[in-house]
Participant: 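Mind looking over this structure? Questions follow.
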Amino acid sequence: MAGEFALKFLLGCVLLLCAGHSGFARNIYDGSQVIRITSRDQSDIDWLRTFHNTYEDKLDFWLEPSQIVSRPVDVLVPKSMIREIRGVLTGNAMDFKVNIADVQGVINKQFMRMAGRNKPSALNGFDYSVYHPYDEIRQWVIDMGAEHADIVSQFLVTTSYEGREMRGLKISVSSGPNKKSIWFEGGIHAREWVSPATVMYITNQLVTDYKANEQRVVDILNNYDIYIVPSLNVDGYVYTWQTERLWRKTRAPQPAEYGGCVGVDGNRNWPYEWGGKGASPWSCSNTFRGPNPLSEVEMKGLTDYALARAKEQEFRLFIDWHSYSQLYLAPWSYDMNAELPPESPDQMAAADAAVTAIKAVHGMDYVYGPSARLLYEASGNSKDWGFKGLGAKYSYVVELRDDGEYGFLLPEDQIIPCAEENYAAALALAEFIHSNDP
Ligand code: 0X9
Ligand code: ZN
């Protein structure tokens, strides 16, 4: 008893100590669980869709209902609703289980590990195997540009709603009149921490391998310049570190006529086929499309920057990294009934090369396909804009690890394996494009 009290006291102190930095001691997810519901047939899929429509404003759907039988729906249920949701699922004979029984416990454990760590000071001490707060990511971008000034330059993309700098990098080892380019971005969804971590790893690996004369990377960089923005939704990312670990959207307050909540889903705010299916007109939704396409300063700044580059160089590949569920997703995103573009077979063949490369590294399975048909419809989405707005024939959203054991709370020990397999995929894609469709 006394031991238990002492342990709780100690834990409370540690939580308080960390609270200033991470804010996680608020315990807002106390009693929350992630419940996984798995469809067995088409009628389950139909039921899940109705369930999603009924509850999407009250619950956080980590994985939305998909078109595919047996692909699960994961939903974060707060303590106050667990009894109701279990009752609904049982009453409708749905197949479900608790996937994460103690969400707050997982978060506390992860923040506590991070709190005990020494901060890196310089680029050569930068630790790619851990998650970094935003000021360290921003500093990393600046340091990369300074340290590798011979082949890397850094730039300011724009300033966020809350006044933070969003910065990016360009890797360019040579210039030529017809040199084409590649766009890599991460972190549009704040809570998907493995996305910026993976993009930073890939960037560093490209530079390191080029300087070590690795032939594959030398060939790729001789043929393509690469633009990289590792953390797009910078305010949202900071908010996940300080206040709500599972925040997804931007942080701009929205007009009263849309409900007056905070934040837009950046991945429903892109200006291609904006405002259609799979995007909410309601600001309190996690898939709020925004009042207008590019309503968010982050999105406007990013697309302005990228489009200006597209005037100088043709983009061939666009990758927007997300998590989770291990997918390589191609156009179309906005409508499952839209006829697939003539480029689709080539997009699929390249995605096949990417997932084959992933499998070869750590044996992980990633599934690929046109996203609205494979998964669900999402208008105003990055990959459709990467394809039609930016003009990159090969345009993807990648959902990184895992398959749901931790979901957005992916432990740090999976960052490097995840990044390694996705580095292999990025190289395979660039090579596929260069040799099949230069
Ligand atoms: O919904 C999204 O924006 C992406 N999933 S996430 O869990 N990272 O938020 C997936 C978009 C994929 N595109 C379509 N489903 N059409
Ligand atoms: Zn995402």
Side-chain angles (χ1 to χ4, degrees), residues 34 36 49 52 56 59-68 71-76 185-199 230-233 236-237 240 246-250 263-270 272-280 285-290 296 298-299 318-338 340-341 344 347 351 366-388 395-404 406-410 418 422:
V34 177
R36 165 161 288 198
R49 214 155 275 145
H52 176 248
E56 77 174 315
L59 300 176
D60 178 2
F61 282 80
W62 282 19
L63 295 180
E64 289 184 34
S66 82
Q67 322 286 355
I68 309 286
R71 188 157 271 282
V73 168
D74 287 346
V75 60
L76 175 70
E185 63 174 43
I188 197 169
H189 288 145
R191 61 192 176 186
E192 299 165 11
W193 286 8
V194 73
S195 160
T198 297
V199 175
S231 181
L232 217 154
N233 177 7
Y237 188 76
T240 61
L246 293 167
W247 186 259
R248 165 183 170 97
K249 300 187 290 176
T250 61
V264 166
D265 182 351
N267 211 20
R268 303 291 183 278
N269 197 231
W270 298 85
Y272 184 78
E273 292 288 345
W274 174 88
K277 296 173 181 172
S280 176
S285 163
N286 246 346
T287 57
F288 180 44
R289 64 194 186 188
E296 298 311 277
E298 297 83 2
M299 301 301 298
F318 172 97
I319 305 182
D320 176 29
W321 274 282
H322 289 246
S323 72
Y324 63 99
S325 66
Q326 300 179 191
L327 301 167
Y328 240 91
L329 300 166
W332 299 116
S333 183
Y334 74 99
D335 189 343
M336 63 187 274
N337 296 315
L340 290 177
S344 185
Q347 294 166 347
Y366 283 54
V367 172
Y368 65 88
S371 65
R373 293 189 185 183
L374 180 67
L375 213 54
Y376 49 83
E377 291 166 320
S379 56
N381 203 267
S382 57
K383 69 187 98 53
D384 288 355
W385 182 83
F387 180 37
K388 282 295 165 191
S395 181
Y396 304 93
V397 161
V398 181
E399 298 283 5
L400 297 164
R401 291 189 185 196
D402 59 7
D403 61 9
Y406 291 94
F408 301 121
L409 302 173
L410 190 75
C418 172
N422 280 281

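Order of appearance sets the numbers: ligands from 1, and atoms from 1 within every ligand. For the single chain, residues carry numbers from 1 onward in sequence order.
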Participant: At a 4.0 Å threshold, what atoms of ligand 1 neighbour a non-hydrogen atom of Asn267?
Facilitator: 2 (C), 3 (O)
Participant: At under 4.0 Å between heavy atoms, is it the side chain or the backbone of Asn381 that contacts ligand 1, or both, or neither?
Facilitator: side chain
Participant: Give me the residue, atom name and distance of the protein heavy atom closest to atom 8 (N) of ligand 1.
Facilitator: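 Looking at atom 8 (N) of ligand 1, the protein heavy atom closest to it is Glu192 OE2, 3.0 Å.
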Participant: Would you name the heavy atoms of Leu340 and Pro370 that are closest together and state the gap between them?
Facilitator: CD2-CB, 3.7 Å
Participant: Once you round to the nearest 0.5 Å, how far does CZ of Arg49 lie from OG of Ser66?
Facilitator: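 So the gap between those two atoms works out to 7.5 Å.
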Participant: What verdict does the salt bridge (charged side-chain N to carboxylate O under 4.0 Å, His left out) test give for Lys277 and Asp335, after you've listed the backbone C-alpha separation in whole Å, the side-chain angles of each residue and the deciding distance to 0.1 Å?
Facilitator: CA-CA 7 Å; Lys277 296 173 181 172; Asp335 189 343; 3.4 Å; yes
Participant: Can you list the atoms of ligand 1 that are under 4.0 Å from a heavy atom of Leu329?
Facilitator: 12 (C)
Participant: For ligand 1, which atoms sit closer than 4.0 Å to a heavy atom of Ala378?
Facilitator: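 So the atoms of ligand 1 that pass are 14 (C), 16 (N).
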Participant: Considering just N/O/S atoms, say which atom of His189 is closest to the Zn ion (ligand 2).
Facilitator: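 So the atom name we want here is ND1.
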Participant: Are Tyr366 and Tyr328 close enough that their ring centres sit under 6.0 Å apart?
Facilitator: no
Participant: Among Tyr396, Phe61, Tyr376, which one has a heavy atom closest to atom 15 (N) of ligand 1?
Facilitator: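 Nearest heavy atom to atom 15 (N) of ligand 1 lies in Tyr376.
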Participant: Does Tyr376 OH have over 12 foreign heavy atoms under 6.0 Å away?
Facilitator: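 Yes, because the 6.0 Å sphere around OH of Tyr376 holds more than 12 heavy atoms from other groups.
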Participant: Indicate yes or no: does an N/O atom of Glu377 lie under 3.5 Å from an N/O atom of ligand 1?
Facilitator: no
Participant: When you look for heavy atoms under 4.0 Å from ligand 1, do you find them on the side chain of Lys383, its backbone, both, or neither?
Facilitator: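 Near ligand 1, Lys383 shows its side chain, while the N, CA, C and O stay back.
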Participant: Tell me which N, O or S atom from His322 is the closest to the Zn ion (ligand 2).
Facilitator: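 Going by distance to the Zn ion (ligand 2), the closest N, O or S atom in His322 is ND1.
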Participant: Is any side-chain heavy atom of Tyr324 closer than 4.5 Å to one of Val194?
Facilitator: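 Not touching, per the 4.5 Å side-chain cut-off.
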Participant: Give the atom numbers and elements of ligand 1 that come within less than 4.0 Å of a heavy atom of Leu375.
Facilitator: 15 (N)
Participant: Search all heavy atoms of Ala190 against all heavy atoms of Thr240 and return the closest pair with its distance.
Facilitator: CB-CG2, 3.6 Å
Participant: Could you name the option among Lys277, His322, Arg268, Met336 that has the heavy atom nearest to atom 3 (O) of ligand 1?
Facilitator: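 Considering heavy atoms of Lys277, His322, Arg268, Met336, the nearest to atom 3 (O) of ligand 1 sits in Arg268.
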Participant: Between Lys249 and Asp265, does at least one N-O distance fall below 4.0 Å, as a salt bridge requires?
Facilitator: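 Answer for the salt bridge query: no.
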Participant: For Ser323, counting its heavy atoms only, list the atoms of ligand 1 lying under 4.0 Å from any of them.
Facilitator: 7 (O), 8 (N)
Participant: Return the closest protein heavy atom for atom 6 (S) of ligand 1 as residue, atom name and distance.
Facilitator: Glu399 OE2, 3.4 Å
Participant: State the atoms of ligand 1, each with its element, that fall below the 4.0 Å cut-off from a heavy-atom position in Ser371.
Facilitator: 13 (N), 14 (C), 16 (N)
Participant: Between Tyr334 and Trp332 (judged by ring centroids, cut-off 6.0 Å), do the two rings come close enough to count as a pair?
Facilitator: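 Between Trp332 and Tyr334, which both carry aromatic rings, the centre distance is below 6.0 Å.
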Participant: Got an N, O or S from Glu399 under 2.8 Å of the Zn ion (ligand 2)?
Facilitator: no
Participant: Look at Asp320 together with Lys383 and state whether they make a salt bridge at an N to O cut-off of under 4.0 Å.
Facilitator: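 Answer for the salt bridge query: no.
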Participant: How long is the span from the CG atom in Asn337 to the CZ atom in Arg373, to the nearest 0.5 Å?
Facilitator: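 So the gap between those two atoms works out to 7.5 Å.
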Participant: May I ask you to identify the nearest protein heavy atom to atom 9 (O) of ligand 1, giving residue, atom name and distance to one decimal place in Å?
Facilitator: Arg248 NH1, 2.5 Å
